[in-house]
Amino acid sequence: MRYEGPIYRPPSEANSLLIQATIGCPHNRCTFCMVYKNGPKFKIRDVAEIKQDILQARDEYGSKVSTLFFPAGNTIAMKTDDLCEICRYARQIFPDLERITIYASSQYIHQKRPTGLTRLAEAGLSRLHVGLESGDDVILKRIKKGTTSRQQVESGQWAMAAGLELSLYVILGIGGRERSKEHAVETANFLNAIAPDFIRLRTLLPKINTPLLKDIQEGSFKLLGPHEVLTETALLINKIKVSSCLTSDHYTNYINLEGKLPEKKAIFLEQIEAALKKEEVFFRPVYIGEQ
Ligand code: SF4
């Protein structure tokens, strides 16, 4: 099977078939992200080649594939017609498919407009994995996310109205000490405006060769310690009013919170309170990630 660049997929797609539809990331400017910084450059693969890979996967694994993820960083940036075509083809080749998912940043979701998103849902795309990171515009600008909270809200609302599931990723600590409170409050406001299917927590871990690491080393960005991250998490969860599945399915997190909001809100807050009683040395050390 052909694949170019780093293999990167959400943990929840660990058992999914991966068929590469795009290479790299068309944005590639987020200050905390190192995934595609050393290339390859963004490219959209030929639909004919993608179809060949789908067929080859069927020959290798049989037709009983239940979940499929089309890497790489922003497959939503494909032409709507082409993305629809590979989704329809995959569902024809794998009739038992329960889910087709992709990574999608808000600026590219927004370009699809409600009509394009409806067409994608009708073609069989099921879920968008979206790096929201923060609902705070000051932070979004600082991390060069390439979008605004208003555009993120619209994109999310359009996607959900089109019938696509939304899996939103929040980075705890991405505002640093300076904007921890704003990050928690504005992100909760954002989530309340959308009520996504999934809220997935990650904790900021500085990555090698990133602009954000340089800011940390120069002292202009103050990284949160474990207790500060937990306090930020409590504020965020406290402010979320909508129904959603919260999960912290990632190695960067200090504690594991898993369950439905609002039902488990009190339990999550108790878990955080208990974790705050532990000394910081009991949590994973802060280190520089290399992948
Ligand atoms: S975080 Fe996502 S959008 Fe930003 S550079 Fe990395 S892959 Fe691209």
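Source: prediction; values computed, not measured. Residues take their numbers from the sequence shown, with the count starting at 1. Each ligand, and each atom within it, is numbered from 1 in the order the structure gives.
Near R29, with a cut-off below 4.0 Å to any heavy atom, the atoms of ligand 1 are 5 (S). Residue N74 has at least one heavy-atom neighbour below 4.0 Å for each of these atoms of ligand 1: 3 (S). Counting the atoms of ligand 1 from 1 in the order shown, those under 4.0 Å from a heavy atom of Y36 are 7 (S). Close contacts between ligand 1 and N28 involve ligand atoms 5 (S), 8 (Fe) [criterion: under 4.0 Å to a heavy atom]. Short contacts between ligand 1 and K145, defined as distances under 4.0 Å to a heavy atom of the residue, involve ligand atoms 1 (S), 3 (S), 4 (Fe). With ligand atoms numbered from 1 in the order given, ligand 1 contributes 1 (S) to contacts under 4.0 Å with heavy atoms of F32. Heavy-atom proximity to S105, at under 4.0 Å, picks out these atoms of ligand 1: 3 (S).
Just one residue in the list R91, R58, K64 forms a salt bridge (Lys or Arg N to Asp or Glu O under 4.0 Å) with D96, and that residue is K64. With E133 as reference, K145 is the one residue of Q152, K145, H183 to meet the side-chain hydrogen bond (donor to acceptor under 3.5 Å, both in side chains) rule.
Scanning all protein heavy atoms for the shortest distance to atom 6 (Fe) of ligand 1 gives C33 SG, 2.4 Å. The nearest heavy-atom contact from the protein to atom 8 (Fe) of ligand 1 is C25 SG, 2.3 Å.
Contact between G131 and ligand 1 is absent, with no heavy atom of the residue lying under 4.0 Å from the ligand. At a 4.0 Å cut-off, not a single heavy atom of Y103 sits close enough to ligand 1 to count as contact. Between V35 and ligand 1 there is no heavy-atom distance shorter than 4.0 Å.
When side chains are defined from C-beta on, V153 counts as touching F190, because their heavy atoms get closer than 4.5 Å.
Looking at every heavy atom in both residues, K207 comes nearest to F32 through CG-O, 3.9 Å.
Between E4 and R45 there is no salt bridge, since none of the side-chain N atoms of the basic residue sits less than 4.0 Å from a carboxylate O of the acidic one.
Using bins of under 30°, 30° to 60° and over 60° for the plane-to-plane angle, the ring pair Y169/H129 lands in the tilted bin.
Between the side chain of D215 and the backbone N or O of F221 there is no donor-acceptor pair closer than 3.5 Å. Side-chain atoms of N253 come within 3.5 Å of backbone N or O of L201 as a donor-acceptor pair.
Summarising the local packing, CG of N38 is surrounded by 12 or fewer heavy atoms from other residues, nucleotides or ligands at distances under 6.0 Å.
C30 lies apart from atom 8 (Fe) of ligand 1 in this respect, since none of its N, O or S atoms is found at a distance under 2.8 Å.
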